[in-house]
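As structure tokens, the structure follows; a few thoughts come after it.
Letters go in sequence order (proteins before strands), and every chain restarts at 1.
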Amino acid sequence: MKDKNLKGYYIMLSLLLLGLVIVSLTIGKYEISKHDLWRILKNAWSNELSMDEMPAFVIFSVRLPRIFMAVLIGSGLAAAGAGMQAVFKNPLVSDRMLGVSAGASFGVALGILIYNNIVFIQLMAFIWGIAAVLFTYIIGKSSKSSSVIVLVLAGLIVSAVFTSLLSLVQYSAEVDTELPSMIYWLMGSLSGVELQDVKIVFLPIVLSVGLLFMIRWKLNMLSLSDEEAEALGLHVKLYRILVIISSTVISATAVSMCGMIGWVGLITPHIGRMLVGTDHEKLMPVSIMIGGIYLLFIDNLCRLLYSAELPLSVLTALIGAPIFGVLLKKTGGNWI
Amino acid sequence: MTFKVGNGYFYYKDVPILKNINFQISKGELLTILGPNGVGKTTLVKCMLGFLEWSQGDTLIDEYPIKNYARNQLWKKIGYVPQMKSLPFSYTAESLVLMGRNPYINFFSKPKKEDYDHVDRIFEAFNLEHLKKKQINKLSGGEIQMLLIARALVAEPELLILDEPELNLDLANQARIFDVLVELVASKGIGCIVNTHHPINALRYGHKSLLLMKDFQYMYGRTRDILNKKNLSKTFELSQEWFNFKIS
């Protein structure tokens, strides 16, 4: 891949993201014309904005936080996916590999059961997501070999346990109120996201993505066999744990804010590879941008496709899987 | 530099694998390690590089135990060429070789122009410039092996350790690999340790040899002194007549 092309991709993806953000501000149940948008943005710039005006309220209090959240979570999941694929030396791995989303889902359900308060539920999701990965790590670690296969198996075990626990909690929940609320939460949605939520999520996601971005070139070595990487002078364990921690924080945050969102972490790095190749130095920035674009695009569809909002997790897979299938069929997977 | 294994013992869960291994290699020498399957050659390589910890004894570089060296220092001195296997991600040849510069690249950094220059030079020296932008899973075994050697060399090591570099290569490619190694040893004074299955390569190219045998026996010395029919037949458990062949 020539570097000239690379710059082209960066510019193209940035423009695409920016364009999509602007379009996303105007579309929706409450229509806002481009003219209105322009006027409101201009007013906002010169501090003459009045939130009493309906379009301004919709743009700044409803749509903008939601758009921010979609881009943050999408980029985060993409970065986590690319990082985990390198750590596990396997392009089929996603950010959920170590049980984080199983743990976080259990946390959501438990939170709803114990004390039905949004902040409490979010906190429970986050804590249990991290706890699940911690269990995985402890189980995987106790074996003498520190190979990633052991970690994968430990992840399977922990995921299985938490999935069962989730069912147990759902089974004991009240059928008319708690159960539907658990199910809807886990199906995922970005509706109702407020500026306050974005503020909470901003730091953990940006720090984690930032860390993954900083060590992006090192991911190349991390994707080789452990001894090979060690012999290239890489501190394998340290980099591995950094990637696992940042991915876990991202995924746990994602579940706590908008439920289980599959496919983003898995396929966005692949789309990135198709564009710029496997070198993580180029792949990471491209994946981050694609992730943001992808989730924002899907969230727009959730808002628009049907008279009621569709669940996010349904569309990420329903759109993502066929797109991936077509690409796979067309290219024969030769980008890997 | 001198690279030395002194009094090396390795036990795997109380089962001895290696006992009392001693050898030494200096600048400009090529040492081959030979032995049948399962005798502990790979374990020996892992122990001497510190991937496995000696149960007793040590690997010494310039008389200091290998553990005393910081990661970056150590892997600037030693280049390791692993056995060739397929990679999960198909990097370009350039990206692959660039990874060899890692000991020079800080924790949060990425390669700089200087690193790319080193890579350019090695591609030029190996006459492989046409492969630079190609994906490695599209290359032949011989080409990949050359790239792995190139990757070890961009760190400018004083010692190169290769684990079965002839694996799955035809004779011409084997000869190419060893020609490169011999040239490096002769002109740059690099030391070279090659784990190999082929006595012919050891005889043809090696200065020193280490024959690992069953029951923790081994022989170490000048290649021409120890690689004879008697020792080879003992090592590989073949009759001496088996080695009686001449190609007309």
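Between the CD1 atom in B:I136 and the OG1 atom in B:T92 there is a gap of 8.0 Å [rounded to 0.5 Å].
Residues of residues 72-89 of chain A having a heavy atom under 4.5 Å from any heavy atom of chain B, listed by number: A:Q85, A:A86, A:K89. Residues of residues 54-80 of chain B placed with any heavy atom under 4.5 Å of a heavy atom in chain A are listed by number as B:R71, B:N72, B:W75, B:Y80. Against chain A, the residues from residues 148-158 of chain B that qualify, each with a non-hydrogen atom under 4.5 angstrom away, are B:L148, B:R151 in number order.
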Going through the checks in order, is the side chain to side chain donor-acceptor pair (under 3.5 Å) test met by B:Y12 and B:T43?
-> CA-CA 10 Å; B:Y12 181 74; B:T43 309; over 6 Å; no

Show your working on side chain to side chain donor-acceptor pair (under 3.5 Å) between A:K218 and B:N102 and close with a plain yes or no.
-> CA-CA 8 Å; A:K218 302 281 182 177; B:N102 189 49; 2.6 Å; yes

Before giving the answer on side-chain contact (heavy atoms from CB on, under 4.5 Å), spell out for A:V206 and A:S208 the whole-Å C-alpha distance, their side-chain angles and the decisive distance to 0.1 Å.
-> CA-CA 6 Å; A:V206 168; A:S208 304; over 6 Å; no

Stepwise side chain to side chain donor-acceptor pair (under 3.5 Å) check, B:N201 with B:Q174 = CA-CA 8 Å; B:N201 288 337; B:Q174 293 187 23; 3.1 Å; yes

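Counting heavy-atom pairs closer than 4.5 Å to chain B, the top residue among A:A231, A:S223, A:G233 is A:A231. Interface check for chain A: of the options B:S109, B:P111, B:P103, the most heavy-atom pairs under 4.5 Å are formed by B:P111.
For a residue to count as touching a neighbouring chain, one of its non-hydrogen atoms must lie under 4.5 Å from one of that chain's; by this rule A:E230 touches chain B with backbone and side chain alike. In this structure, chain B has a heavy atom under 4.5 Å from the side chain of A:L242, while its backbone stays farther away. For a residue to count as touching a neighbouring chain, one of its non-hydrogen atoms must lie under 4.5 Å from one of that chain's; by this rule A:N90 touches chain B with the backbone only. For a residue to count as touching a neighbouring chain, one of its non-hydrogen atoms must lie under 4.5 Å from one of that chain's; by this rule B:L98 touches chain A with backbone and side chain alike. For a residue to count as touching a neighbouring chain, one of its non-hydrogen atoms must lie under 4.5 Å from one of that chain's; by this rule B:F51 touches chain A with the side chain only. Contact annotation for B:D163: neither backbone nor side-chain heavy atoms come within less than 4.5 Å of a heavy atom of chain A.
Among residue pairs with one or both ends in residues 218-250 of chain A, those qualifying as ring-ring contact (aromatic ring centres under 6.0 Å, His included) are A:Y239-B:F107; sequence neighbours excluded.
In this structure, A:R216 contributes its side chain and A:F213 its backbone to a donor-acceptor pair below 3.5 Å. With B:Q145 contributing its side chain and B:G142 its backbone, the two residues share no donor-acceptor pair below 3.5 Å. Of the possible donor and acceptor atoms, none in the side chain of B:S95 sits under 3.5 Å from a partner among the backbone N and O of B:Y91. Within the 3.5 Å criterion, the main-chain N or O of A:T248 finds no donor-acceptor partner in the side chain of A:S251. With hydrogens and angles disregarded, a donor-acceptor distance shorter than 3.5 Å links the side chain of A:Y294 to the backbone of A:G320. Remark: side-chain polar atoms of B:E164 are not paired, donor with acceptor, to backbone N or O of B:N195 under 3.5 angstrom. Panel note: side chain A:H270, backbone A:P91; a donor-acceptor pair is recorded below 3.5 Å. Within the 3.5 Å criterion, the main-chain N or O of A:V243 finds a donor-acceptor partner in the side chain of A:S246. Without hydrogens or angle criteria, B:K19 side chain to B:F216 main chain gives no donor-acceptor distance under 3.5 Å.
When all heavy atoms of A:T278 and A:N220 are compared, the pair lying nearest together is O-OD1, 4.2 Å.
Classification of the B:Y205-B:F178 ring pair by plane angle, with boundaries at 30° and 60°, yields parallel.
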